[in-house]
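Since the model is a prediction, treat every value here as computed from it, not as a measurement.
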Amino acid sequence: PNGIHLLERSKLEAWGIDYEDAEKVAIENLRAVTTPSFAQIGAGIWLSQWGDAYDAARLMLPEVFANLPLNGRPVVLVPDRDRLLVTGSEDTQGLKGMVSAANSMREEAHRPVSGTALILVDGVWQEFTTEGDLGIEFTNLLKLFRAQDYAEQKQLLERKIHTEKRDVFVSTYMLNKNVGDPAYNSICTLTKGAASLLPKTDDIAFVSLEESLKLRAKWGVVQIAAPHLLRRQEMYPERWFVDAFPTPEELQRMGATKI
């Protein structure tokens, strides 16, 4: 095969096949042309070698990871459609090296996929989490991928909004680090008087040009202090529509601090 055709649900309906049955057939077709194919690229780190545009899809075939000499359960990152990284859940150096490799691949990826690490538990993939400095590295990688996703989505939404002649601001997903802190913090901006689509971030910056006001508050606290403010939209990555600005009392309840 030298091409890929994306099937929409309408096409499946025209064929009289539901999504679940089509998925089962696709997985079996992939299994029929798959044998394990990995190359070791570092201590405890393995990289897929199929190179047929379906490397990422082999996550649906957990048996291909069974014979890898891993220390612990398989943990994977899929920075690109054609590159699937694997190491063991108990291999600290392998996990660190995999994050570093995935970040390098992210910068040159033509078909980026995800910065979410997964662990295989009893044949089922679950999100992988860990603590300490290593946990920060995994979270930083996830946020870098998310920033790329939001940047691409922002361009698409702005074109759509322009075509529809709507007056909505698409807020940017921004990353920063405090001095001495290795962890990225994500933040978006809500400007008074501007209906906005906000990305999901750690913090929200509240800006009023009229009042020379610049405050920030934690996203989770904002949802509790002013639950009416944020309305989730049906899109990925997730965005929330806001067409109001918090009152001084709400800002106080949020514990908003000056920027």
Contact summary for Gly180 and Pro182, nearest pair of heavy atoms: O-CD, 3.8 Å

Within 45° cone of Phe206 ring axis and under 6.0 Å: Arg216 NZ or CZ: no

Minimal non-hydrogen separation, Cys188 against Leu198, with atom names: SG-CB, 4.0 Å

Residue among Trp125, Phe128, Trp46 satisfying side chain to side chain contact (heavy atoms under 4.5 Å, CB included) with Val76: Trp125

Intermediate values then yes/no, side-chain contact (heavy atoms from CB on, under 4.5 Å), Arg239 and Arg232: CA-CA 6 Å; Arg239 282 191 183 264; Arg232 185 167 182 171; over 6 Å; no

Flag for Trp15-Glu13: side-chain donor and acceptor within less than 3.5 Å: no

Geometric cation-pi criterion, Lys154 with Phe169: 6.0 Å, 45°: yes

Row check, Trp50 ring normal vs Arg58 NZ/CZ: under 6.0 Å, within 45°: yes

Arg106 and Asp80 ion-paired at < 4.0 Å: no

Distance under 6.0 Å and angle within 45° of ring axis: Lys143 vs Tyr184: no

Distance-only side-chain donor-acceptor flag, Asn185 / Asp203, under 3.5 Å: yes

Glu108 bridged to Arg83 by N-O distance under 4.0 Å: yes

Partners passing side-chain contact (heavy atoms from CB on, under 4.5 Å) against Ala102 (at least two apart in sequence or in another chain): Leu77, Pro79, Leu85, Leu141

Atom CD of Gln49 with >12 non-hydrogen neighbours under 6.0 angstrom: yes

Neighbour count above 12 (heavy atom, 6.0 Å) for Arg31 CZ: yes

Heavy-atom neighbours of Asn67 CG exceed 12 at 6.0 Å: no

Shortest non-hydrogen contact from Phe245 toward Val207: CE1-O, 3.6 Å

Heavy atoms of other groups near Glu131 CD, more than 12 under 6.0 Å: no

